[in-house]
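Data first, discussion second: the structure below is written as structure tokens.
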Amino acid sequence: MSEKKNWMPRWFYQLASPRWSYEIMGKLLPGFAVAAFLFLIAGTVWALLFAPPEAYQGNSYRIIYIHVPSALLAQSCYMMMAIAGAIGLIWKMKVADMVAKSCAPIGATMAVLALATGAIWGKPTWGSWWVWDARLTSMLILLFLYLGVIALYSAIENEAMAAKSAAVLALVGLVNIPIIKYSVDWWNTLHQPATFKLTERPAMVPEMWLPLLVMVIGFYCFFAVSLMMRTRNEILVRERRASWVKELVEKQ
Amino acid sequence: MNPKRKQRLIIVLFIVFGVGIAVGLTMFALSQNINLFYSPTQIAAGEAPHNTRIRAGGMVVDGSVNRDQQSLNVTFDITDYDQTVTVHYNGILPDLFREGQGIVAQGELDSNNVLQASEVLAKHDENYMPPEVADALEKSGNMPKPEAEVYNK
């Protein structure tokens, strides 16, 4: 009588197998690495040498080519960490926990990069390194959430317990993501509102936003590479007692 | 989905939406404190306190910038296209400061509702354009301007 209903596609359940995940990530890695390299080089050269200067900021605006992708990625990475954490909580999937754990340091780095480049741009443009406006403060909170997740993982020795607590913290902090996104619309902030909106034409000429798009794609590819490398490493460490890992190590 | 997983899914959704509602209500209650600056309309309506440090934000009114030749004293008006507030400042203005530029000034309101600013920050808007485009738009008078809502939330 037990009729089994498949809620999720097959690959979702296959992801539960550390070995299968390890192998599929190994196959995807080279492609993403090449793409990340090409996009980042092309985007950087285009942004620094060929994109026109800005009318009022001159060349200092070019920091957006790092600032915008890193800020975007810091938020996407957080959402990914929270979703992976939720999957780990609900389906008790070990690989999801490992993905969530691997997301945290990458996202924290991106948040630091976004805050630092923003401060460097803010000094000449606004006249101040830091202002406690809603956008900057919510971004700083994002960094602290990342640090909290990292701290939980290193403070709790039991892996399952650590993953559980970190996932709960990540889910609680998820509320910050829409706050970051809409802070510039809901409140008076010094940070300007979004230049790119889904419903409108970007408030920027294509010569400026095309290299930005290339950089964003490059950052996401780089994120994929770095996440897969970290997760594979995590899989090997946690599955070190499994026979397939022992075989793999012996082969080398 | 087995009942155990369903139960955990409900707990996860409860965390996300529970925290969302709690934070949403808190933000709603604190909304005025989260604003970085007061708009000229709020100042004209007397919502901004006197004799305490506040920030005021708006667009620098064309032709209102008055520089003292002997010192760094400068006065200018800022507007949200509805009300106008006069700002007095003694110091070096940021590079981006110009007429028609959005700025945020920190200082105290005196009895004449003039902001005695101790710090002036330029607020960049969301428009980025190369110099040629800016020149062309300026000449044709189609320069994109932030809307009044930007300064009046």
Side-chain angles (χ1 to χ4, degrees), chain A residues 4-5 7-8 51-58 60-61 64 82 85-87 89-92 121-128 131-137 167-168 171-176 178-179 183-197 202-205 207-209, chain B residues 1 4-9 11-13 15-24 27 31-32 34-39 42 55 57 92-98 101-104 106 119-135 137-138 144 146 149-153:
Chain A
K4 241 190 163 180
K5 204 174 169 207
W7 283 72
M8 294 286 179
E54 212 269 339
Y56 303 108
Q57 300 170 52
S60 73
Y61 93 97
I64 62 159
I87 292 173
L89 277 182
I90 298 166
W91 279 272
K92 299 278 168 203
W121 176 82
K123 185 64 192 170
T125 316
W126 295 340
S128 172
V131 178
W132 291 101
D133 86 345
R135 171 58 75 80
L136 277 66
T137 311
V168 170
L171 285 168
V172 168
L174 200 56
V175 68
N176 194 33
I179 294 177
S183 54
V184 288
D185 299 326
W186 290 341
W187 301 294
N188 288 329
T189 55
L190 192 60
H191 194 287
Q192 65 263 35
T195 299
F196 303 95
K197 291 185 194 108
M204 192 185 250
V205 291
E207 294 95 303
M208 286 176 173
W209 64 254
Chain B
M1 201 182 261
K4 225 167 176 178
R5 284 179 188 165
K6 202 174 236 171
Q7 197 187 354
R8 289 197 293 251
L9 177 70
I11 294 173
V12 165
L13 290 178
I15 293 175
V16 171
F17 287 103
V19 172
I21 293 166
V23 172
M27 295 273 187
S31 56
Q32 196 47 62
I34 297 170
N35 281 337
L36 183 74
F37 51 81
Y38 289 96
S39 66
Q42 287 172 314
R55 290 201 187 89
I92 297 166
L93 293 161
D95 292 350
L96 236 61
F97 183 91
R98 61 178 199 278
Q101 169 71 43
I103 62 113
V104 173
Q106 189 182 52
E119 185 184 37
V120 173
L121 301 175
K123 178 171 159 59
H124 187 258
D125 62 32
E126 71 271 33
N127 299 300
Y128 286 78
M129 61 193 88
E132 311 87 66
V133 177
D135 284 347
L137 287 176
E138 196 111 42
E149 294 94 72
V150 172
Y151 293 100
N152 208 350
K153 279 177 190 140

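Labels below follow one simple rule: chain letters A, B, ... track the order of the sequence lines, proteins then strands, and each chain is numbered from 1.
- Separation of atoms CZ (F17(B)) and CG (L174(A)) is listed at 9.5 Å; rounding is to 0.5 Å.
- With a 4.5 Å cut-off on non-hydrogen atoms, P94(B) touches chain A through its side chain but not through its backbone.
- Between the side chain of D133(A) and the main chain of L36(B), no donor-acceptor pair closer than 3.5 Å is present.
- Looking at R55(B) and V131(A), their side chains come closer than 4.5 Å, going by heavy atoms from C-beta outward.
- Contact record, H124(B) with Q57(A): NE2-NE2, 2.6 Å, taken as the closest heavy-atom pair.
- Taking both residues in full, the closest heavy atoms of A203(A) and N127(B) are given as CB-OD1, 3.1 Å, listed atom of the first, atom of the second, then distance.
- Considering all non-hydrogen atoms of both residues, P131(B) and P53(A) come closest at CD-O, 3.1 Å.
- Contact of the K4(B) side chain with the K92(A) side chain is not registered, since no non-hydrogen atoms from C-beta on lie closer than 4.5 Å.
- Atom CE of M129(B) sits about 10.0 Å away from atom CE of M204(A), to the nearest 0.5 Å.
- Here V172(A) pairs with V168(A), I15(B), V19(B) under the side chain to side chain contact (heavy atoms under 4.5 Å, CB included) rule; sequence neighbours left out.
- Minimum interatomic distance between R8(B) and L89(A) (heavy atoms only, all atoms of both residues): NE-O, 3.1 Å.
- Heavy atoms closer than 4.5 Å to chain B are found in the backbone of A194(A), but not in its side chain.
- With sequence neighbours left out, I21(B) forms a side chain to side chain contact (heavy atoms under 4.5 Å, CB included) with L25(B).
- Highest contact tally toward chain A, considering only L121(B), V23(B), L96(B), I92(B), is held by L121(B) [criterion: heavy-atom pairs under 4.5 Å].
- Across W209(A), Y56(A), Y61(A), a single residue satisfies side-chain contact (heavy atoms from CB on, under 4.5 Å) together with Y128(B), and that is Y61(A).
- Nearest approach of L190(A) to A122(B), heavy atoms of both residues: CD1-O, 3.9 Å.
- Exactly one of L9(B), I11(B), L13(B) qualifies for a side-chain contact (heavy atoms from CB on, under 4.5 Å) with I90(A). That residue is L9(B).
- Chain B forms more heavy-atom pairs under 4.5 Å with one residue of E207(A), M208(A), E54(A) than with any other, namely E54(A).
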